[in-house]
*Asks:* 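Here's a structure for you.
In each ligand, atom 1 is the first atom listed, and ligand 1 is the first ligand listed.
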Amino acid sequence: MRAVVLGAAAGGGFPQWNSNAEACRRARAGDPGAPHRTQASLAVSGDGERWFLINASPDLREQIQAQAILHPKRNLRSSPIEGVILTGADVDAIAGLLHMRERQAFTLYGSDRVLGVLKTNPIFNVLSGECVRREMVPLGQPFEPRHVDGSGCGLSIELFDVPGKVALYLETGSSPQELAGKAGDTVGVEIRPMDDKAAKRLIYVPGCAAMTDGLKRRLAGASIVLFDGTLWRDDEMVRAGLGPKTGQRMGHMSVSGPDGTVAAFRDIPVARKILVHINNSNPILLDDSVERRALDEEGWEVAYDGMEVTP
Ligand code: MLT
Ligand code: MN
């Protein structure tokens, strides 16, 4: 099994096109302490040759360019990308599907909720049903994704519900229930090699609104967890004058604070803990920030584009 971070930033990327904040200015100026990051996506493979994407970010075209593992190698028209597994219907998880519209066969996996959103958006019909198979994945049931030729990929994959939020463009009201959505709107992904006696497990959770006991039990003992690192503080965007929304309003728990991710993980045994889906307002994107140093001391890593995260 192999796993590679294609993009480590949250929606908007780093730098974000319309942000003139200090960190984005540093990134734009090529400051080595503020490296660019594209929008969140992970590539996983059972055989090291054929790959499945977890989410198709709006930056997918650039991510494929940057990663030789995803370049066409077999036929005149071909791709090592055999499938895409979706964790939600947010723009930063699905917009990259529109880059995959050149009559290339692959399989699209997602919960009934997420595939339902794609079905009601006719723009996704550019992924012709003749080439792209859509497969609904029940929550909590491990399955082995198939290559296009029908062979098993050698990975056992399970989607599980996590506290989250409906996609921004699907918000119908502002009550907590309306915003939280339903089971399957926001999921995490657990990946393990089928033939693995060491029971290695990689868990990818790019969006999570709260830690629960059930989630703690699932995370405990994992080899690698890549977890929602959107904001450092819940109100950092408000305080910086960047926007009116808190992390809680956006469906993301914060990294710091008593209810934050670092605190929540202190009693969860995980061999390697990595933050992903990091917003451009989060100071951990800066290699020289005090927040980054605090994370180092807590044993957390900050994902970057191209980071190998093979368990
Ligand atoms: C999020 O992670 O909160 C969403 O991707 C926000 C968005 O849709 O822009
Ligand atoms: Mn997002």
*Asks:* Identify whether the distance between the nearest side-chain nitrogen and carboxylate oxygen of R113 and D161 falls below 4.0 Å.
*Replies:* no
*Asks:* Do we see a donor-acceptor contact under 3.5 Å between the side chains of S57 and N55?
*Replies:* no
*Asks:* Can K165 be said to touch ligand 1, with heavy atoms closer than 4.0 Å?
*Replies:* no
*Asks:* When clusters are formed by joining ILVMFWY residues with side-chain heavy atoms under 4.5 Å apart, either directly or through shared neighbours, do V309 and V225 land in the same one?
*Replies:* no
*Asks:* Tell me whether R218 forms a cation-pi arrangement with F160, defined as NZ or CZ under 6.0 Å from the six-membered ring centre and within 45 degrees of its axis.
*Replies:* yes
*Asks:* Among all protein non-hydrogen atoms, which one is nearest to atom 8 (O) of ligand 1, and what is the separation to 0.1 Å?
*Replies:* L168 CB, 4.0 Å
*Asks:* Looking at V262, is its backbone amide N or carbonyl O close enough to the side chain of E298 to form a donor-acceptor pair, meaning the two atoms are under 3.5 Å apart?
*Replies:* no
*Asks:* I need the atoms of ligand 1 closer than 4.0 Å to a non-hydrogen atom of D92, numbered in the order shown.
*Replies:* 5 (O)
*Asks:* With 2.8 Å as the limit, jot down which protein N, O or S atoms are around the Mn ion (ligand 2).
*Replies:* D92 OD2, H277 NE2
*Asks:* Indicate whether atom 4 (C) of ligand 1 is within a distance of less than 4.0 angstrom of some protein heavy atom.
*Replies:* yes
*Asks:* For atom 6 (C) of ligand 1, what is the closest protein heavy atom, and at what distance to 0.1 Å?
*Replies:* D90 OD2, 4.6 Å
*Asks:* Around atom CZ of R28, are there more than 12 heavy atoms of other residues, nucleotides or ligands at under 6.0 Å?
*Replies:* yes
*Asks:* Are the side chains of R272 and W300 in contact, using a 4.5 Å heavy-atom criterion?
*Replies:* no
*Asks:* Check each atom of ligand 1 against the heavy atoms of M250 and keep those under 4.0 Å away; list them by number with element.
*Replies:* 3 (O)
*Asks:* Can you confirm whether N121 is buried at CG, in the sense that more than 12 heavy atoms of other residues, nucleotides or ligands lie under 6.0 Å from that atom?
*Replies:* yes
*Asks:* Note the single closest protein heavy atom to atom 2 (O) of ligand 1, along with its residue, its atom name and the distance in Å.
*Replies:* H252 NE2, 2.8 Å
*Asks:* Could I get the full list of ring pair (Phe, Tyr, Trp, His ring centres under 6.0 Å) partners for F227, not counting sequence neighbours?
*Replies:* F265
